[in-house]
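Treat the numbers as computed from the prediction; the structure is a model and nothing was measured.
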Amino acid sequence: MALPMCGRLLYLNCRKIHRLSPIYRTICSQGSSDKYDYDLLVIGGGSGGLACAKEAAQYDKKVMVLDYVDPTPKGTKWGLGGTCVNVGCIPKKLMHQAALLGEAIDDSRKYGWQVQDDVTHSWDTLVAGVQNHVKSLNWGHRIQLKDKNVQYMNAKGSFVDNHTVKAVTAKGKEELVTAENIVLATGMRPRYPKIPGALEYGITSDDIFSLKKPPGRTLVIGGSYVALECAGFLNGLGFPTSVMVRSICLRGFDQQMARLVTDQMQSKGVEFLWHIVPHQLERTQDGHLTMTWMDGNGVSGHLHYDTVMFAIGRDPETSSLNLDLAGVELTASGKIASKNGEQSSVPHIYALGDILQGGIELTPVAIKAGKLLAQRLFGNQTLTMDYEKVATTVFTPLEYSCVGLSEEAAIERHGEENIEVYHAFYKPVEFSVAERTAEFCYIKAICTGDGDQRILGLHITGPHAGEMMQGFAAAVKCGLTYHQLASTVGIHPTSAEEVAKLHITKRSGLDPTVTGC
């Protein structure tokens with residue numbers, strides 16, 4: 001039945017006047033075949049959110065992405081793509097590579113290259129190169145969304161009700177958007193300690209990759225992988241670097257491997273300040289920073305630096321979403337409570353990536369989960385994300401890569417008497433001519449103790465450990481056993497072949513150092 005003229009005019013303009021009251025929503029829906037503006041609305045333009053949006057668009061669905069970055073206390077901000085692209089994996093790996101190249105210059109002399117002794121590094125050149133690449137990725141993401149007909153708005157989203165989101169741009173322009181399904185993928189941001197001067201004078205990983213001037217003598221506070229990675233490349237680039245650690249490094253990772261990582265960093269000149277915490281950060285008249293620290297016994301002291309970076313953890317970006325208006329439940333830590341995989345307490349609202357309870361804070365995990373979610377929502381698929389046996393790498397100067405259980409977790413789950421650990425210290429062949437120490441290059445495979453000895457966890461420290469691990473991770477996920485691994489012929493001469501050659505157990509007490517070819 002045709003609408004009266006006034007009804008048709010109201011319908012034609014309903015997207016302009018945009019649900020400023022429930023009355024308009026009712027009238028507009030009566031004149032439209034669509035109940036909502038979009039089939040899918042994604043809040044957060046990081047890896048997981050973008051993957052989900054682009055996958056959903058493949059099914060000819062109406063999709064919108066809202067993304068907005070609040071500047072850091074130092075004013076740092078960035079474009080579309082989330083933490084990984086802008087202030088995480090990508091710039092981190094590039095700066096890690098820059099530090100490795102410096103080490104390679106030293107090695108090259110032993111290989112016959114006549115390299116001058118006064119080789120210097122330009123921080124400005126490095127930052128410019130890194131940021132140019134990051135900006136190209138920002139632009140690439142925008143082009144991909146446009147090509148797939150995904151509507152993108154640089155605006156901050158918050159709930160009005162469980163199907164309605166208010167989008168606010170940087171200039172304060174507001175727009176109401178409705179969607180049948182909503183995905184939350186807002187990620188996490190670095191945490192600052194509640195001490196005087198932290199916000200005023202400190203930085204985080206959100207700032208380090210775009211610093212306008214060289215960081216100089218740097219204090220990194222925290223024992224996280226972010227702390228160790230940043231401390232590693234800063235030291236490798238020639239900046240005196242210290243790491244302040246309250247208790248242990250790489251919590252949740254295998255602690256034998258964690259100690260190898262920190263021992264190797266110490267051998268390269270990184271200073272570790274164990275079992276103390278920051279108390280106050282001040283700027284001196286000459287522009288330097290003074291950090292007052294305190295230990296568990298109340299003893300305090302002062303340290304002086306050019307830059308202080310906090311890497312003490314990250315908090316989910318959920319507080320500004322007005323989730324209570326949508327009925328979405330949160331955990332005590334501020335993450336989205338998971339009811340069924342990525343589904344929240346509201347059936348049509350989902351969470352991806354770092355903000356999901358029980359998820360894994362890794363970019364490839366968010367991407368995979370986002371694609372699978374879109375396939376289930378719009379492609380009649382049933383496959384869900386498997387959060388078990390996901391490989392990861394810590395890009396410290398000597399990389400640490402792992403998949404599966406740590407030795408501590410395996411003992412807790414299976415009992416020490418029911419596991420077998422095969423291990424080896426090995427020397428990459430490229431270390432030989434360069435006369436580099438290999439005392440921290442180590443491999444261990446944690447297996448069940450009976451039958452074919454299924455591999456529960458595999459851990460590697462060494463150059464390019466992440467590249468080594470990827471293929472083994474696929475095998476471990478498929479149920480690789482020690483006997484299958486041992487029957488594999490290695491590729492010679494590579495570091496990866498040492499994984500297939502593992503044969504000495506910890507239980508035997510024999511020296512696991514590899515000798516010969």
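- For the atom pair CG (L356) and OG1 (T331), the distance works out to 10.0 Å, reported to the nearest 0.5 Å.
- When side chains are defined from C-beta on, S242 does not count as touching V270, because their heavy atoms never get closer than 4.5 Å.
- D206 and T72 share no donor-acceptor pair across their side chains, judged by distance under 3.5 Å alone.
- Residues H464 and S495 fail the side-chain proximity criterion, which asks for heavy atoms closer than 4.5 Å.
- Not counting sequence neighbours, A128 has no partner by the side chain to side chain contact (heavy atoms under 4.5 Å, CB included) test.
- For H459 (side chain) and L405 (main-chain N/O), a donor-acceptor pair under 3.5 Å exists by modelled atom type.
- The aromatic rings of Y225 and F253 lie perpendicular to each other, with more than 60° between the two planes, well past the 30° mark.
- Residue H414 qualifies as enclosed at atom NE2: its count of foreign heavy atoms under 6.0 Å is above 12.
- When atom types are taken as modelled, the side chain of D39 and the backbone of K62 share a donor-acceptor pair closer than 3.5 angstrom.
- Between the side chain of T178 and the backbone N or O of D37, at least one donor-acceptor pair lies under 3.5 Å.
- Contact check on E329 versus K339 returns a salt bridge, with a Lys/Arg side-chain nitrogen under 4.0 Å from an Asp/Glu carboxylate oxygen.
- By the 4.0 Å N-to-carboxylate-O rule, E361 lies close enough to K335 to be salt-bridged with it.
- Under 4.0 Å is where a charged nitrogen must lie from a carboxylate oxygen, and between D386 and K477 at least one such pair does.
- Ring geometry for W123 against F239 counts as perpendicular: the plane angle is over 60°, on a 0 to 90° scale with 30° as the lower cut.
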Please walk me through it: do Y350 and L377 pass side-chain contact (heavy atoms from CB on, under 4.5 Å)? CA-CA 11 Å; Y350 304 84; L377 288 175; 3.3 Å; yes
Where do H141 and L50 land on the side-chain contact (heavy atoms from CB on, under 4.5 Å) test, with the steps shown first? CA-CA 8 Å; H141 281 306; L50 291 176; 3.5 Å; yes
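- Side-chain atoms of Q255 come within 3.5 Å of backbone atoms of C249 as a donor-acceptor pair (strictly under, hydrogens ignored).
- Heavy atoms of other residues, nucleotides or ligands lying less than 6.0 angstrom from NE2 of H279 number 12 at most.
- Legend: residues meeting ring pair (Phe, Tyr, Trp, His ring centres under 6.0 Å) with H121, ordered by chain and number and at least two apart, are absent.
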